[in-house]
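Taking it in order: structure first as structure tokens, then the write-up.
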Amino acid sequence: MLDDKKVLFSGMQATGSLTLGNYLGALKNWVKLSDDYQCFYSVVDMHSITVRQDPATLRKRARALMILYIAAGIDPEKAVIYFQSHVSAHAELAWILDCYTYMGEMNRMTQFKDKSAKHADNINVGLFAYPVLMAADILLYQTDLVPVGIDQMQHLEICRDIAMRFNNIYGPTFTIPEAYIGKVGAKIMSLQDPTKKMSKSDENPNASIYLMDDPDTIRRKFKRAVTDSEACICYRDEQPGIKNLLDIYCACTGTSTEDAVRAFDGRGYGELKEAVGESVVAVLEPLQKRCEELTKEKSYIDGIIKANAEKAAYYANKTLRKVQRKIGFPDRIR
Ligand code: TYM
């Protein structure tokens, strides 16, 4: 609880090109929730280096992501948006929590298994300990709520386990966070294989809608989206392609699933694809324009980066000092 408001934390990696999944599964909910909570939204650049990055590209993407947060409607005067690497408490708490996390717990993480299969030449310790850094991110701010897509649930569970373990040993230290999974859009699937999640690392560019795709590309990708031969617009697991299109439509337009199914009753897949494409263009086009405008406002963005990193560090250090005291690190001499 900060200033009588509950605390919300979330983060996004500046790796690759963000997809519609990132927007509908996370960012859109961040904006929706930001009036009711004291929010911390981080560009988690320290997580990004678990996979090899080109330095200039990482720097550029990290700044573009910060701008995207603002363009999406997050008010940087109210929410604390900052680069993870600007607040050293993240690394310091992560090290401490590493010492309260078991190898067996990390071994079970499906994201580690997937990523180490994909990057077999670079299975580094950071990739293995990734969920502990994520736990540090969340616990530093005494977070009550963490809005994420379904793919992050396993990491959130381990964060809760680590926090409870620490609290059991040292007494109440961390707030135990809850996940917030949106009703629609929590798992946007690939347009080419709707049994797989839409991912920025997919090799087939037609599988994902990137947030910076132009309107024609968006329309074309939906036209090519894989469906089925049932010829029925129904919302059911047996038709994952159609279900995904309906999910995207509902998340972009705010329509309920029942209303969408009713509206498309008896219509063809072509019509559905077109309507979904238009609903996505209507969301992304203004977002892209706003990003373009904000990119030009260099000193305004620089000001936000500086002020918010200081704010984040203030709150993060409060928790870090408390933890350091509890585990027996010597007091600082003022
Ligand atoms: P990342 O950068 O992979 O994804 C950012 C957010 O987007 C959501 N997401 C999706 N939601 C629905 N459908 C999809 N296809 C889809 N793809 C991605 C993710 O669930 C996530 O919410 N480890 C995190 C970043 C992180 C973090 C944190 C999140 C670091 N520390 C602390 C919350 C709290 C990650 O790599 O997300």
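Start at 1 and go down the list; that is how both ligands and their atoms are numbered.
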Run Val283 and Leu20 through side-chain contact (heavy atoms from CB on, under 4.5 Å) and show every step you take. CA-CA 10 Å; Val283 169; Leu20 188 62; 5.9 Å; no
Working for side-chain contact (heavy atoms from CB on, under 4.5 Å), residues Asp302 and Lys306: CA-CA 6 Å; Asp302 285 349; Lys306 184 166 185 291; over 6 Å; no
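A donor and an acceptor atom, one from each side chain of Asp214 and Thr217, are located under 3.5 Å apart. Donor-acceptor pairing under 3.5 Å is recorded for the side chains of Asn122 and Asn124.
Protein heavy atom closest to atom 6 (C) of ligand 1, with residue, atom name and distance, is Ala26 CB, 3.6 Å. Of all protein heavy atoms, the one closest to atom 28 (C) of ligand 1 is Met134 CG, 3.4 Å. The nearest heavy-atom contact from the protein to atom 19 (C) of ligand 1 is Asp151 OD1, 3.3 Å. Nearest protein heavy-atom neighbour of atom 37 (O) of ligand 1: Gln152 NE2, 3.7 Å. At the top of the distance list for atom 5 (C) of ligand 1, counting protein heavy atoms only, stands Met12 CG, 3.2 Å. The protein heavy-atom contact nearest to atom 25 (C) of ligand 1 is Gly11 O, 3.6 Å. Of the protein's non-hydrogen atoms, the one nearest atom 36 (O) of ligand 1 is Tyr130 OH, 2.7 Å. Residue, atom and distance of the protein heavy atom nearest to atom 10 (C) of ligand 1 are Gly21 O, 3.4 Å.
The proximity of Asn22 to ligand 1, defined as any non-hydrogen pair under 4.0 Å, involves the side chain as well as the backbone. The part of Val146 lying near ligand 1 is the side chain, judged by heavy-atom distances below 4.0 Å. With a 4.0 Å heavy-atom cut-off, ligand 1 is reached by no atom of Met189. Contact annotation for Ile188 and ligand 1: heavy atoms of both the backbone and the side chain come within less than 4.0 Å of the ligand. Only the backbone of Ala186 comes within 4.0 Å of ligand 1, counting heavy atoms alone; no side-chain atom from C-beta on gets that close. Proximity of Lys187 to ligand 1, defined as any heavy-atom pair under 4.0 Å, is confined to the backbone N, CA, C and O atoms. At a heavy-atom cutoff of 4.0 Å, ligand 1 is contacted by no atom of Thr19, backbone or side chain.
Heavy-atom separations between Gln111 and ligand 1 are all 4.0 Å or longer. Judged by the shortest distance from any of its heavy atoms, Cys159 lies outside the 4.0 Å radius around the atoms of ligand 1.
Between the NZ atom of Lys32 and the CG atom of Asn29 there is a distance of 5.0 Å, given to the nearest 0.5 Å. To the nearest 0.5 Å, atom NZ of residue Lys5 and atom OH of residue Tyr37 are 11.0 Å apart.
Atoms of ligand 1 found under 4.0 Å from any heavy atom of His47 (numbered from 1 in listed order, with element): 30 (C), 31 (N). The contact set between ligand 1 and Gly25, taken as ligand atoms under 4.0 Å from a residue heavy atom, comprises 11 (N), 12 (C). Taking every heavy atom of Lys200 and a limit of under 4.0 angstrom, the matching atoms of ligand 1 come to 2 (O). Listed by atom number, the atoms of ligand 1 under 4.0 Å from Phe9 heavy atoms are 32 (C), 34 (C). Shown in contact with Ile138 at under 4.0 Å from a heavy atom are these atoms of ligand 1, numbered in order with element: 32 (C), 34 (C).
The SG atoms of Cys232 and Cys234 sit under 2.5 Å apart.
The N/O atoms of Gly149, backbone and side chain alike, include one that comes under 3.5 Å of an N/O atom in ligand 1. Here's the thing with Met198: one of its N/O atoms is less than 3.5 angstrom from an N/O atom of ligand 1.
In this structure, Tyr82 and Tyr141 have tilted ring planes: the angle between them lies in the 30° to 60° band. In this pair, Tyr130 and His155 present their aromatic rings tilted. The plane angle is within the 30 to 60° band. Relative ring orientation between Tyr170 and Phe166 is described as tilted, the plane-to-plane angle lying within the 30° to 60° band. Between Phe128 and Phe112, the ring planes lie perpendicular to each other; the angle is over 60°, past the 30° to 60° tilted range. The aromatic rings of Phe264 and Tyr249 sit perpendicular to each other, their planes meeting at more than 60°, with 30° as the lower class boundary.
By heavy-atom distance, the residue among Asn244, Leu20, Asp137 lying nearest atom 31 (N) of ligand 1 is Asp137.
Residue Gly182 comes nearest to Ala186 through the heavy atom pair O-CB, 3.6 Å, listed as atom of the first residue, atom of the second, then distance. Scanning both residues, Val132 and Ala94, for their nearest heavy atoms gives CG1-O, 3.7 Å.
Side-chain contact between Arg236 and Glu230: present, with at least one pair of heavy atoms (C-beta onward) separated by less than 4.5 Å.
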